Amino acid sequence: MSIQLKKTRFYPPIPSSEITPEDIFHSRRQFMKSIVGLGASAIVISACAPAVKTSVPPTLSPTNADLSTQLTPEKDAESFNNYYEFSLSKDGVAAAASHFQTEPWTVEISGMINQPMKIGIADLVKRYPPEERVYRHRCVEAWAMVVPWLGIPLNRIIKDLEPASEAKFIKLTTLYDPNQMPGQKASEYPYPYTEGLRLDEAMNDLVLLSTGLYGKPLLPQNGAPLRLVVPWKYGFKSIKSIVKIELTDQQPATFWNTLSPQEYGFYANVNPAVPHPRWSQARETLIGTAQVRDTQLFNGYADQVAALYSGLDLSINY
Ligand SMILES: Nc1nc2c(c(=O)[nH]1)N[C@H]1C(S)=C(S)[C@@H](COP(=O)(O)O)O[C@H]1N2
Ligand SMILES: [Mo]
């Protein structure tokens with residue numbers, strides 16, 4: 001599957017020069033252009049972790065450094081994964097998923113929506129060209145990464161399909177195929193994995209239906225061919241290998257909340273002040289570099305999402 005980049009956007013908006021020092025950025029663009037003959041409008045960011053890591057200007061303010069403008073090395077994001085359908089061991093997912101069939105693949109968008117749709121991934125990407133966004137990702141287990149997703153803002157698709165006025169939530173479902181996903185065989189876990197958002201959360205512009213990572217199609221271990229990305233929530237909300245998205249008037253049951261409701265809430269907003277019952281959420285460790293930093297409320301996206309939760313007690317609605 002080929003990936004078209006419509007435009008590159010960084011969230012929060014920061015100049016590319018802060019991600020990679022300008023001289024390296026420009027020479028790399030020149031280099032990329034010369035080897036792949038990219039058009040002037042297309043930008044491919046490929047991770048170049050060692051250069052990025054060692055060249056962060058010492059003048060960066062602590063605040064900027066905290067927001068972590070350093071991309072996680074590509075190899076780490078692609079070899080340290082959570083994907084229980086394939087393996088419970090993070091370094092075992094990539095191998096266990098390597099033969100996962102992601103073509104053909106159809107996603108269904110249905111329920112309380114005026115124009116339900118079933119569409120193949122290739123057609124979806126043609127209709128809604130993915131854009132590239134660098135987001136922080138924070139797992140509930142206190143590890144974090146910063147990666148460039150390719151994705152379609154989910155709100156564009158949902159708006160086009162016209163949600164019915166009764167719709168209040170979306171429910172997303174992962175493929176159920178025990179022949180391909182060994183973890184689903186004779187499992188105690190409530191497969192297929194499901195996740196959900198309030199509809200107003202789902203319509204926030206940060207939410208992506210991701211088709212790619214580091215300028216190329218998603219690998220199976222990262223949720224190919226289509227996974228959700230909700231950067232202000234703990235990573236388990238970002239459900240992988242989606243086959244169905246339903247609009248509903250009921251808060252959907254979700255995988256982790258069903259397994260252990262006192263540990264994993266429906267909201268799962270990143271919050272340093274609300275500890276997991278078994279560990280603190282105050283700090284996080286970046287995979288790849290092992291750098292430890294303070295966790296930020298809403299994973300640093302408060303400006304974009306805090307208004308969604310005005311009037312909610314975040315320690316009760318965890
Ligand atoms: N279907 C499914 N989706 C899933 C998971 C899973 O086990 N199954 N793990 C979640 C968790 S806990 C995290 S942190 C992210 C990890 O995404 P990554 O492996 O691409 O970093 O995927 C989420 N999506
Ligand atoms: Mo996670």
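Position 1 is the first residue of the sequence; numbering continues from there. In listed order, ligands and their atoms are each counted from 1. A quick note: this is a predicted structure, and the numbers were derived from the prediction, not measured.
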Using a strict cut-off of 4.0 Å, indicate which atoms of ligand 1 neighbour a heavy atom of Phe236.
10 (C), 11 (C), 12 (S)

Any ion pair linking Glu78 and Lys216 (charged N to carboxylate O, less than 4.0 Å)?
yes

Counting non-hydrogen protein atoms only, what is the nearest one to atom 3 (N) of ligand 1? Give residue, atom name and distance.
Lys240 N, 3.1 Å

Below a 4.0 angstrom heavy-atom separation, can you tell me which part of Phe86, side chain or backbone, both or neither, approaches ligand 1?
neither

Quick one: do Arg278 and Glu141 make a salt bridge, cutoff under 4.0 Å?
no

Geometry only, no angles: is Trp143 polar-contacting ligand 1 at N/O separations under 3.5 Å?
no

min-distance protein heavy atom vs atom 6 (C) of ligand 1 -> Tyr193 CE1, 3.4 Å

Can you name the atoms of ligand 1, numbered from 1 with element, that are less than 4.0 Å from a heavy atom of Asn222?
18 (P), 20 (O)

Give the residue and atom name of whichever protein heavy atom lies nearest to atom 24 (N) of ligand 1, and the separation in Å to one decimal.
Ser238 O, 2.9 Å

So does Glu195 pair up with Lys233, basic N to acidic O under 4.0 Å?
no

Identify the closest protein heavy atom to atom 14 (S) of ligand 1: which residue and atom is it, and at what distance?
His137 NE2, 3.4 Å

Sidechain-backbone polar pair: Asp313 side chain, Ser315 backbone, donor-acceptor under 3.5 Å
yes

Quick check: Trp143 with Phe80 (ring centres under 6.0 Å apart)?
yes

Looking at ligand 1, does any of its N/O atoms fall within less than 3.5 Å of an N/O of Asn81?
yes

At a non-hydrogen distance cut-off of under 4.0 Å, which region of Tyr83 contacts ligand 1 (side chain, backbone, both, or neither)?
both

For the pair Tyr234 and Phe236, name the ring-plane relationship: parallel under 30°, tilted 30 to 60°, perpendicular over 60°.
parallel

How far is atom 17 (O) of ligand 1 from its nearest protein heavy atom, and which residue and atom name does that atom have?
Arg227 NH2, 3.1 Å

For the side chain of Ser98 and the backbone of Ala95, is there at least one donor-acceptor N/O pair under 3.5 Å apart?
yes

Starting from atom 9 (N) of ligand 1, locate the nearest protein heavy atom and write down its residue, its atom name and how far away it is, to 0.1 Å.
Asn82 O, 3.3 Å

Record the part of Thr174 in heavy-atom contact with ligand 1 below 4.0 Å; permitted values are side chain, backbone, both and neither.
side chain

Per-atom contacts of ligand 1 with Cys139, taking only distances under 4.0 Å to non-hydrogen atoms:
14 (S)

How far is atom 7 (O) of ligand 1 from its nearest protein heavy atom, and which residue and atom name does that atom have?
Tyr84 N, 2.8 Å

Give a yes/no verdict on whether any heavy atom in Met145 is under 4.0 Å from an atom of ligand 1.
yes

May I ask you to identify, for Glu141, whether its side chain, its backbone, both or neither come under 4.0 Å of ligand 1 on a heavy-atom basis?
neither

Taking the basic N atoms (NZ, or NE/NH1/NH2) and the acidic carboxylate oxygens, is any pair closer than 4.0 Å for Arg133 and Asp205?
yes

Is the Lys NZ or Arg CZ of Arg136 less than 6.0 Å from the centre of Tyr301's six-membered ring, within 45° of the axis?
yes

In this structure, atom 8 (N) of ligand 1 is nearest to the protein heavy atom Glu85 OE1, 2.8 Å

Under the 3.5 angstrom rule, does the side chain of Glu166 hit a backbone N or O of Met112 as a donor-acceptor pair?
no

Mind checking whether Trp279 and His276 have parallel, tilted or perpendicular rings, split at 30° and 60°?
parallel

Nearest candidate to atom 13 (C) of ligand 1, where distance is taken over non-hydrogen atoms, out of Ala224, Gly235, Ala144
Gly235

According to side chain to side chain donor-acceptor pair (under 3.5 Å), who are the partners of Tyr84, at least two apart in sequence or on a separate chain?
none

